[in-house]
Every structure is written in structure tokens, then in C-alpha cells.
Amino acid sequence: MSSNIEEAFALECFNIGLGSCKNVKLSWIYDVEPIIDKILRNNNEKAYRINYYKETQTIEIKMVTREFISSHFDLQSKAEYILPVSINKESNKFSLPMSYHVLCCILLELYLSQNNKDESFLDWPTLKVEASYEDVSGNKYKRSMNLKPKVIDVKKIKNDMEPCARGWFEVSL
């Protein structure tokens, strides 16, 4: 497992075609409002203040125990090209949205703070990814898939700022 959270929380892509693909663009889509609503409804200690600005796609999160986080939603990933696996066996990693990661970490913290663990805190929203790319001849392609997280284990590691969850993504087209 990578110590770099952006690498660890990433979609690994391989080009299994015969030729290179170019102008690769990934768009991430997820419904942020239910996550924010759940956090604010269960924010008994008032540990989190969240402002979401739909028009500018910006989120501000103030945590009592940590610094202020403000960012635009990172919903686009790009690569100039991806070589086929016959040439390059290494995967191309596309970071999942950090905004999604931060909000799911807050859900984990709320889950761990409960006496009677409410499993719905581990039911995270589906991430939809839409990929577009071109082949070497300039033909354009689009693909999309849904990634539904399935959490199997949650723990808080001593001296670590964030809780840790293990699981996988169920993929559907």
C-alpha cells in the first residue's frame, strides 16, 4: 500500500488495446449533498462546519481539531496518452476526487465516535467515472462505469489523524 494518499486512493488504468490512446479525460460524478446532509445531521459535537457552494463547485470544511479545508471539486483527471500494456506494463493512476476522500473520512470518524455503530455511515455514494479518449487515428471513444464502495473493515490507527477503511469498489457499466 502506498504511503501517498493520492496514489493509494486512485483508479489504476491499463490500455489493453493494440495502440496508444491519447487525450484521455476522466470526469468524476457523485452526489455530494446527501453526504453533507448526513454529516451535518449527525454532527453532535459540532466538530464539522461545512459550506457547499454548488454554483462554484467549492466546498469549505472547518474541523474543530484540524485546519480549515477549502477546495474546488477535483472532478477532472487527464493524461496526454496511455501506452498499450504490450509496451508499458505499469498502470496509469488517476486520483479519485480528494473532496470525496475527505467527506468519506468524516463519515468514518462519525461512525467510530458512535457507541452503537450505524452501518449506514459506511454506505458511501457511488462514484461515476466517464472516460473519453482518442485512438492514434483520431477516432473518439467514450466509456462510463459506476464504482460503488464496499467497506469491510474500519480502524483508527494510534497517532494517525485519519481513520482507515479497507474494502473494494463494485464496478458496473
Assigning hydrophobic clusters by single linkage (Ile, Leu, Val, Met, Phe, Trp, Tyr; side-chain heavy-atom cutoff under 4.5 Å), is L112 placed with I61? yes
Donor-acceptor contacts under 3.5 Å from residues 35-42 side chains, at least two apart:
unit_1, atom_1, unit_2, atom_2, d
K38, NZ, S120, O, 3.1
K38, NZ, S120, OG, 3.0
N42, ND2, K38, O, 2.8

With a 4.5 Å limit on heavy-atom distance, are the side chains of V171 and L147 in contact? yes
Just distance, no hydrogens or angles: give the donor-acceptor pairs under 3.5 Å from side chains in residues 126-137, sequence neighbours left out.
unit_1, atom_1, unit_2, atom_2, d
E134, OE2, N23, ND2, 3.2
D135, OD1, S137, N, 2.9
D135, OD1, G138, N, 3.0
D135, OD1, N139, N, 2.9
D135, OD2, N139, ND2, 3.1
D135, OD2, Y141, OH, 3.1

Say you draw a straight line from CG of L122 to CG of L108; how long is it, rounded to the nearest 0.5 Å? 6.5 Å
Salt bridge (Lys or Arg N to Asp or Glu O under 4.0 Å) with R49: which residues, sequence neighbours excluded? none
Does any non-hydrogen side-chain atom of Y52 lie less than 4.5 Å from one of S99? no
The criterion is ring pair (Phe, Tyr, Trp, His ring centres under 6.0 Å); which residues satisfy it with Y111, sequence neighbours excluded? none
Do the side chains of L110 and Y48 get nearer than 4.5 Å, heavy atoms only? yes
Quick note, salt bridge (charged side-chain N to carboxylate O under 4.0 Å, His left out) partners involving residues 11-36, not counting sequence neighbours, are E33-K54
Using a 4.5 Å cut-off on heavy atoms from C-beta on, say whether the side chain of D74 contacts that of L96. no
Shared hydrophobic cluster, L173 / F14 (ILVMFWY, side-chain heavy atoms < 4.5 Å): no
Looking only at heavy atoms, what is the nearest atom pair of P125 and P149, with distance? O-CD, 3.6 Å
Would you be so kind as to tabulate the donor-acceptor pairs closer than 3.5 Å made by side chains of residues 75-88, with sequence neighbours excluded?
unit_1, atom_1, unit_2, atom_2, d
Q76, OE1, S27, OG, 3.2
Q76, NE2, S27, OG, 3.4
S77, OG, W28, NE1, 3.2
N88, OD1, E90, N, 3.1

Can you list the residues that meet the side chain to side chain contact (heavy atoms under 4.5 Å, CB included) rule with I152, with sequence neighbours excluded? R166, W168
Is the shortest heavy-atom distance from the side chain of W124 to the side chain of Y100 under 4.5 Å? yes
So F169 and L11, do their side chains get closer than 4.5 Å, heavy atoms only? no
All side-chain hydrogen bond (donor to acceptor under 3.5 Å, both in side chains) counterparts of D123, not counting sequence neighbours: K148
